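Here the structure comes first, spelled out in structure tokens, and everything after it is commentary.
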2 protein chains.
Amino acid sequence: MLSIGDLSKRTGVKVPTIRYYEQMGLIEAAERSEGNQRRYERNDLERLAFIRHARDLGLDIPAIRELIALSQHPDLPCANADRIAADHLTAVREKIEKLKKLEHELERIISHCDGHSIEDCYVIRALSDHGLCEGEH
Amino acid sequence: MLSIGDLSKRTGVKVPTIRYYEQMGLIEAAERSEGNQRRYERNDLERLAFIRHARDLGLDIPAIRELIALSQHPDLPCANADRIAADHLTAVREKIEKLKKLEHELERIISHCDGHSIEDCYVIRALSDHGLCEGEH
DNA sequence: GATAATTCCTCTAGTGACTAGAGCTACAAG
DNA sequence: CTTGTAGCTCTAGTCACTAGAGGAATTATC
Ligand SMILES: [Zn+2]
Ligand SMILES: [Zn+2]
Ligand SMILES: [Zn+2]
Ligand SMILES: [Zn+2]
């Protein structure tokens, strides 16, 4: 039996975050001690590690909730789980594309400033006028 | 004299967002009509276009506030403006790096699943165990 | 000039995934 | 047995908006 602090130390998930996940329905409400403190077991540890890893990979809470629900039906086909991962990959790629466009424009803007007065600052001018940009964003 | 709706149409910034920017101190409180409605002039249009473009490039509101303040002192050196842009570029690059790591792991995870049952699903297994990952994230 | 449609006003609350803090209680170590 | 740490619940704050309520002003139509 682990306290919430023990669980926190072992998984690297902060104590308030564990309570938050319980509230969000990602982990079941834990048993309580006589004094109303949460007590966890080994499988809670695994569950929380799963959640943490999924969050580290950028999945959001509804997606994780769905994956947990799926993982409790081992006989179902895994198409839905695979789709969740694939959709997330697509979203990640779209974010990368957008950020690369920003990176490109910012590089250009910064390199065009000769760094004297605000009056001549290319950063300020470029921000005032999207027409000076090379692409959309 | 433009109404807030006119300003919105001309800049592509939604009406509530314009009021929000006023509240955040990015644009000065506009003059009002007899009936208490905001009335804007040409320079408000430029200011709002500046804000919009800076937001589109991913700058946050405190950074934009600082850039606006700087732009009102044309004789100052522009090092601070340049630094704001450079810091932002650094942040964008860091985000790209993180997302690329995620992209890599997700590609790997998805390609390893042969897509039968949940029981054998590599997506679920990989989420359960970061040890299966190639890198950190 | 009356009426209707649209736009505007302020204020509050919701978004996602936590995080911080207040005020209180339980438990472990000395 | 006292002290210190850890736990409890509840509320509010983060960021940059967005949605909605309830009401007033403006514009368009007749
Ligand atoms: Zn400059
Ligand atoms: Zn641009
Ligand atoms: Zn699978
Ligand atoms: Zn991993």
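Letters A, B, ... mirror the listed sequences (proteins, then strands); counts begin at 1. Everything numeric in this text was worked out from a predicted model, so none of it was measured.
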>> Tell me which residues in residues 36-46 of chain B lie within less than 4.0 Å of DNA chain C, going by non-hydrogen atoms.
In response: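 The answer is B:Asn36, B:Gln37, B:Arg38.
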> Going by the ring-ring contact (aromatic ring centres under 6.0 Å, His included) test, which pairs reach into residues 51-71 of chain B, not counting sequence neighbours?
Replying inline: A:His130-B:His53, A:His137-B:His53
>> Is there a side chain to side chain contact (heavy atoms under 4.5 Å, CB included) between A:Ser3 and A:Arg39? Walk through the geometry before answering.
In response: CA-CA 5 Å; A:Ser3 72; A:Arg39 293 293 174 247; 3.5 Å; yes
>> Among B:Leu59, B:Ile27, B:Leu67, exactly one meets side-chain contact (heavy atoms from CB on, under 4.5 Å) together with B:Ile51. Which residue is that?
In response: B:Ile27
>> Taking salt bridge (charged side-chain N to carboxylate O under 4.0 Å, His left out) as the cut-off, I'd like each qualifying pair that reaches into residues 68-85 of chain B, sequence neighbours left out, listed once.
In response: B:Glu66-B:Arg83, B:Arg83-B:Asp87
> Is the backbone of B:Cys113 close enough, under 3.5 Å, to the side chain of B:Arg125 for a donor and an acceptor to pair up by distance?
Replying inline: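 No; judged by distance alone, with no hydrogens or angles, the pair does not exist.
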> Would you call B:Arg19-B:Glu22 a salt bridge at under 4.0 Å N-O?
Replying inline: no
>> Whether B:Lys100 and B:Glu103 form a salt bridge (side-chain N of Lys/Arg under 4.0 Å from carboxylate O of Asp/Glu) is what I want to check.
In response: no
List in chain and number order the residues that pass ring pair (Phe, Tyr, Trp, His ring centres under 6.0 Å) with [X], two or more places apart in sequence or in another chain; answer none if no residue qualifies.
X	answer
A:His112	A:Tyr122
B:Tyr20	none
A:His88	none

> Tell me, which of residues 2-13 of chain A have any heavy atom that sits under 4.0 Å from an atom in DNA chain D?
Replying inline: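 By residue number: A:Ser3, A:Ile4, A:Gly5.
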> Among all residues two or more places apart in sequence or in another chain, which pass the salt bridge (Lys or Arg N to Asp or Glu O under 4.0 Å) test with B:Asp56?
Replying inline: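 Applying salt bridge (Lys or Arg N to Asp or Glu O under 4.0 Å) to B:Asp56 gives B:Arg52.
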> If you draw a 6.0 Å radius around CZ in A:Arg42, do more than 12 non-hydrogen atoms from other residues or ligands fall strictly inside?
Replying inline: no
>> Just checking A:Glu28: does its CD atom have more than 12 heavy atoms from other residues, nucleotides or ligands closer to it than 6.0 angstrom?
In response: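 It does not: A:Glu28 CD has 12 such atoms or fewer within range.
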>> What is the distance, to the nearest angstrom, from the CD atom on A:Glu22 to the P atom on D:dG7?
In response: 14 Å
> Among the clusters formed by ILVMFWY side chains lying less than 4.5 Å apart, do A:Met1 and A:Leu45 turn up in the same one?
Replying inline: no
Can you name the atoms? Protein N/O to nucleotides 14-18 of chain D N/O, anything below 3.5 Å, with the distance.
unit_1	atom_1	unit_2	atom_2	d
D:dA16	OP1	B:Ile61	N	3.4
D:dA16	O3'	B:Arg55	NH2	3.3
D:dC17	OP2	B:Tyr21	OH	2.7
D:dC17	OP2	B:Arg55	NE	2.6
D:dT18	OP2	B:Thr17	OG1	3.1

> Taking only residues two or more places apart in sequence, or in another chain, which ones meet A:Glu107 in a side-chain hydrogen bond (donor to acceptor under 3.5 Å, both in side chains)?
Replying inline: B:Arg93
> What are the bounds, 5' to 3', of the part of DNA chain C that sits under 4.0 Å from heavy atoms of chain B?
Replying inline: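 Here the contact window of chain B covers C:dC8 to C:dT10.
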>> Quick check on the helix from C:dG1-D:dC30 to C:dG30-D:dC1: what's the angle between its two end axes, five base pairs per end, to the nearest 10°?
In response: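 The end axes of the helix from C:dG1-D:dC30 to C:dG30-D:dC1 are about 10° apart, to the nearest 10°.
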